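Bear in mind that the values here come from a model prediction, so they are computed numbers and not experimental data.
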Amino acid sequence: MFKIGSVVGKVLKLVYGRCFDPTTEDVVSVPAADVPALVIDLSRFETTSQVPEGLSKKVVASKKIQAKWYRKLLEAWKDAKPQPKTREETARFVIQTLEGNQQADVEGILAFYGLPLPAAEIPTSLPEGVQFELQTLAVDAKDVGDGDGMTVYVSTDQKTIPIQVKLAVDQRSKMRAQGKYKKAELLLRQISIAGYRVINHQDEEILAQRHRIRLRGIDAPELSMPYGNEAKDELGKLVQDKCLRLLVYGLDQYARIVADVYCDDIFVQEEMLKRGFAWHYKLYDQRLEFDTWEKEARGKQVGLWASPDPEEPWEWKKKNRREGS
C-alpha cells in the first residue's frame, strides 16, 4: 500500500471510479498493484496541467501537443465503461484514444509507461509450431547477451507468482519502510534467484518475471569472434526501450526460450540477417526467406560479410571444444 495526498486522491477517485475512496482528509490508501502509472499522471495533469517529465525523450511532439493528448486521455478515461484494469487493456485504450496521431509518438507513450503492444494488433491465428506468445516490458540493451540472445522481463499475473516470491516481496517492502536496506537487498537477491525482478517504473514497483531468449533460426558470432561485439551492439540498438512480441516455439538445451522476435513492425531476425550480423542457422531452421536475407547481406558485403571468409560460429565452437578437450 502507498499513500497519496488528499487532492490527488479525490482526482484519482474521479478518474478511476469507486476503486478510490479517500478514508481521511489527509491521505487515501491505494493498492499499488491496482494503480497504473498512467492514472496517477492523469490525476496530476488534472490539477497541474503538466505532462510527465521525461516523456519528451520518448516522443517527438511538443509539450503543447502532449498536453492535448493528456486532456483527451483524461476525458476518455472518465467516460470509459468499464475502465481498463490490465496493462494490455490500458495499452489498447491509449492507442484507441490517440488514434490519428503519429504512430511513433503513440508507441513512445506505451514505452514510457512500460505498456505492452496490445493483443488487438496480434493475428488471431499463430504460425504453425508456435506454442504461445509473450509481450515483454521495455528491454534494456544491457540485457542483450550477444547477437542472438537476450534476457527480457514480462509482467506477472498475481495468481501465478510462487508464494515464496510473494512473501519475499512483501517482506522487502516492510524492511525498506523500516530503513533496513541491507535486509531488503538480501531479499531482492532471493527474488532475483527465483527468476523475478522488481522494476521501478514511474513511482510504481512492478514485479516482472525473467526469461532468457534465443532468437530462432539465426546464429550470430560469439563475443570472442570477429564481429561478435558488433552483433551484440546491433541487436541492442534494435530492441533498446522497446516492448517485444515473442512467438515461442519451445526451449533449447540451455532452457532458453526459442522465439521469433518482433519489435514494433520489425522482425528482428530479418534485420540481423540483412545487416550482416548473423548467419541463417540452417541446421535448425529451413525458412527460405532467411537464406534470401543472408545472401542479400553477402552480396552487399555488409557487417561480417565485409571479411573475405568469415568463420561460422558453429564451426568455431566445434574447433574450440576439440582444442579444450
Side-chain angles (χ1 to χ4, degrees), residues 86-92 95 103 107 110-111 114-141 143-161 195-197 208-220 231 234-236 238-275 277-297 313-314:
T86 67
R87 296 183 184 284
E88 289 75 15
E89 290 175 356
T90 304
R92 287 194 292 271
I95 289 176
Q103 182 179 350
E107 291 172 351
L110 294 180
L115 295 173
L117 295 176
E121 295 191 347
I122 299 171
T124 54
S125 61
L126 296 174
E128 183 179 355
V130 175
Q131 297 181 6
F132 59 92
E133 63 183 75
L134 291 173
Q135 301 285 339
T136 77
L137 296 171
V139 175
D140 189 335
D143 290 325
V144 173
D146 51 30
D148 53 39
M150 70 184 92
T151 298
V152 301
Y153 292 88
V154 176
S155 293
T156 54
D157 183 342
Q158 290 291 321
K159 297 178 182 178
T160 64
I161 301 172
Y196 293 81
R197 175 186 283 184
Q209 188 171 14
R210 181 174 64 246
H211 295 281
R212 293 191 303 143
I213 307 301
R214 175 66 164 82
L215 275 65
R216 177 174 177 254
I218 67 172
D219 202 7
E234 199 67 25
L235 180 57
L238 281 169
V239 302
Q240 173 69 40
D241 294 330
K242 299 291 186 179
C243 297
L244 306 180
R245 176 193 177 203
L246 309 179
L247 299 184
V248 178
Y249 286 81
L251 300 178
D252 69 4
Q253 59 182 326
Y254 303 107
R256 296 175 298 184
I257 286 177
V258 178
D260 282 343
V261 180
Y262 293 86
C263 176
D264 298 332
D265 295 325
I266 296 172
F267 182 25
V268 174
Q269 283 101 307
E270 177 182 354
E271 287 301 310
M272 292 299 290
L273 287 166
K274 284 184 173 181
R275 297 181 188 191
F277 288 106
W279 279 262
H280 178 201
Y281 208 175
K282 298 177 185 177
L283 180 63
Y284 297 102
D285 189 289
Q286 287 76 47
R287 284 177 282 186
L288 297 178
E289 62 269 30
F290 277 41
D291 200 41
T292 299
W293 295 330
E294 180 188 305
K295 288 178 180 177
E296 180 182 321
W314 54 87

How about [X] and [Y]: do any of their side-chain heavy atoms sit closer than 4.5 Å?
X      : Y      : value
Trp314 : Leu283 : no
Ile257 : Leu251 : yes
Arg287 : Arg216 : yes
Glu133 : Leu247 : yes
Met272 : Leu238 : yes
Lys242 : Ile266 : no

Are the side chain of [X] and the backbone of [Y] linked by a donor-acceptor contact shorter than 3.5 Å?
X      : Y      : answer
Gln135 : Ser155 : no
Arg212 : Tyr254 : yes
His280 : Leu288 : no
Asp140 : Asp143 : no

Could Asp219 and Arg214 be called an ion pair, given the rule that one side-chain N must be under 4.0 Å from one carboxylate O?
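Arg214 and Asp219: salt-bridged.
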
Please state whether the rings of Phe267 and Tyr262 are parallel, tilted or perpendicular, taking 30° and 60° as the class boundaries.
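Rings of Phe267 and Tyr262: parallel, under 30°.
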
Where does the angle between the aromatic ring planes of Tyr284 and Tyr281 fall among parallel (under 30°), tilted (30 to 60°) and perpendicular (over 60°)?
perpendicular

Set out, in order, the CA-CA distance, both residues' side-chain angles and the distance that settles side-chain contact (heavy atoms from CB on, under 4.5 Å) for Gln240 and Val144, then state yes or no.
CA-CA 9 Å; Gln240 173 69 40; Val144 173; over 6 Å; no

Applying side-chain contact (heavy atoms from CB on, under 4.5 Å), run through Thr151 and Arg210 and close with a yes or a no.
CA-CA 7 Å; Thr151 298; Arg210 181 174 64 246; 3.3 Å; yes

Using every non-hydrogen atom in the two residues, find where [X] and [Y] come nearest and quote the distance to one decimal.
X      : Y      : result
Leu273 : Ala278 : CD2-O, 3.5 Å
Ala111 : Ala138 : O-CB, 4.5 Å
Cys263 : Val268 : CB-CG2, 4.0 Å
Gly217 : Phe290 : O-CD2, 3.4 Å

Between Arg275 and the options Glu234, Glu270, Glu294, Glu296, the salt bridge (charged side-chain N to carboxylate O under 4.0 Å, His left out) test singles out Glu234

Could you go step by step and tell me if Leu215 and Leu235 meet the side-chain contact (heavy atoms from CB on, under 4.5 Å) rule?
CA-CA 11 Å; Leu215 275 65; Leu235 180 57; 4.2 Å; yes

After noting the C-alpha distance and the side-chain angles of Asp260 and Tyr249, does the key distance pass the side-chain contact (heavy atoms from CB on, under 4.5 Å) rule?
CA-CA 8 Å; Asp260 282 343; Tyr249 286 81; 3.4 Å; yes

From CE (Met150) to CG (Leu244), nearest 0.5 Å:
6.0 Å

Measure the CD-CZ distance between Glu89 and Arg92 for me, rounded to the nearest 0.5 Å.
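Reported to 0.5 Å precision, the distance equals 6.0 Å.
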
